[in-house]
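Please read the structure below before turning to the comments.
One is the number of the first residue; the rest follow in order along the sequence.
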Amino acid sequence: MKDGHGRRAAIGLIAAGLLGLAAGVATVSGAMAGDLAKGRQDLPEIVLGDTNGNDFTVPVKDITMEGGKSYRLNVTSNGGKEYKFMAPEFFRNIWMNQIVINHLEIHPYGAPHHIEFDDAGTIALEFVPIRTGTFEWWIEGLKDKGMHGTLTVK
């Protein structure tokens, strides 16, 4: 009886120790992870067209960022054309926090395939890149007019 009781006590102590260790690891890793959406940085704005009637100008085409950090990318149309901003590979490799249009927020369950402008305005994309690489963006049907660039995640 003494041996049975001793074994049960030892097993109980080991189990309690393992549970305590597991709880400690969970707490440390949770504290280290933090909220990736906090501390967001603004990226250079991508502006489609200008106010002087040049519908195909794009002053900033290539943007570089770091993986695991939170960013806001404003894409603005000056309204000269209907622009379909395509970046499907980039969108597949980010965690999208929200899309903001006129102070209205969209919280998607996944990233979009593209964003589209029928009129002038800005769409703000708030996200965290989760995979490194160089991803192409373009305006559908207007790539040959110079409306394309890259989004690079290091």
Who else is in Trp138's hydrophobic cluster (ILVMFWY, side-chain heavy atoms under 4.5 Å, direct or via others)?
Met86
As a quick check of understanding, evaluate side chain to side chain contact (heavy atoms under 4.5 Å, CB included) for Ile106 and Ile101, giving each step before the final call.
CA-CA 8 Å; Ile106 302 166; Ile101 305 166; 4.2 Å; yes
Are Ile115 and Leu48 connected in a single hydrophobic cluster, I mean Ile/Leu/Val/Met/Phe/Trp/Tyr linked by side-chain heavy atoms less than 4.5 Å apart?
yes
Any residue meeting salt bridge (charged side-chain N to carboxylate O under 4.0 Å, His left out) with Lys84, in chain and number order, not counting sequence neighbours
Glu140
Is Val128 reachable from Leu73 through a run of I, L, V, M, F, W or Y residues, each pair having side-chain heavy atoms under 4.5 Å apart?
no
Nearest-0.5 Å distance, CD of residue Glu82 to CD1 of residue Ile139
11.0 Å
Quick one: are Phe135 and Ile94 in side-chain contact, heavy atoms under 4.5 Å?
no
Would you please name every residue forming a salt bridge (charged side-chain N to carboxylate O under 4.0 Å, His left out) with Asp119, sequence neighbours left out?
none
Set of residues satisfying salt bridge (charged side-chain N to carboxylate O under 4.0 Å, His left out) with respect to Glu105, sequence neighbours excluded:
none
Run the side chain to side chain contact (heavy atoms under 4.5 Å, CB included) check on Val58 and Ile46 step by step: do they pass?
CA-CA 7 Å; Val58 182; Ile46 295 177; 4.3 Å; yes
Taken in chain and number order and not counting sequence neighbours, the residues that satisfy side chain to side chain donor-acceptor pair (under 3.5 Å) with Gln98 are His107, Glu126
What distance separates Asn97 CG from Arg72 CZ, expressed to the nearest 0.5 Å?
10.5 Å
Contacts of type side chain to side chain contact (heavy atoms under 4.5 Å, CB included), residue Pro44, not counting sequence neighbours
Val60, Ile63
Side chains of Pro129 and Asn93: closer than 4.5 Å at any heavy-atom pair?
no
According to side chain to side chain donor-acceptor pair (under 3.5 Å), who are the partners of Asn78, at least two apart in sequence or on a separate chain?
none
Residues 85-103 vs salt bridge (charged side-chain N to carboxylate O under 4.0 Å, His left out), sequence neighbours excluded, gives Glu89-Arg92
Tabulate below the donor-acceptor pairs under 3.5 Å that side-chain atoms of residues 142-154 make, not counting sequence neighbours, or state none.
from: Lys143; atom 1: NZ; to: Glu136; atom 2: OE2; distance (Å): 2.6
from: Thr150; atom 1: OG1; to: Asp62; atom 2: OD1; distance (Å): 2.7
from: Thr152; atom 1: OG1; to: Thr134; atom 2: OG1; distance (Å): 3.3

Checking Glu66 now: which residues fulfil side chain to side chain contact (heavy atoms under 4.5 Å, CB included) with it, not counting sequence neighbours?
Lys69, Tyr71
Is any side-chain heavy atom of Pro88 closer than 4.5 Å to a side-chain heavy atom of His114?
no
hydrophobic_cluster_shared for Phe91 and Val100, side chain cutoff 4.5 Å
no
Return the CD1 to CD1 distance between Ile123 and Ile99, rounded to the nearest 0.5 Å.
8.0 Å
Residues two or more places apart in sequence or in another chain: which of them pass ring-ring contact (aromatic ring centres under 6.0 Å, His included) with Phe85?
Trp137
Compile the donor-acceptor pairs under 3.5 Å between side chains in residues 49-56 and protein atoms, sequence neighbours left out, one pair per line.
from: Asp50; atom 1: OD1; to: Asn52; atom 2: N; distance (Å): 2.9
from: Asp50; atom 1: OD1; to: Gly53; atom 2: N; distance (Å): 3.3
from: Asp50; atom 1: OD1; to: Asn54; atom 2: N; distance (Å): 2.9
from: Asn54; atom 1: OD1; to: Phe56; atom 2: N; distance (Å): 3.2

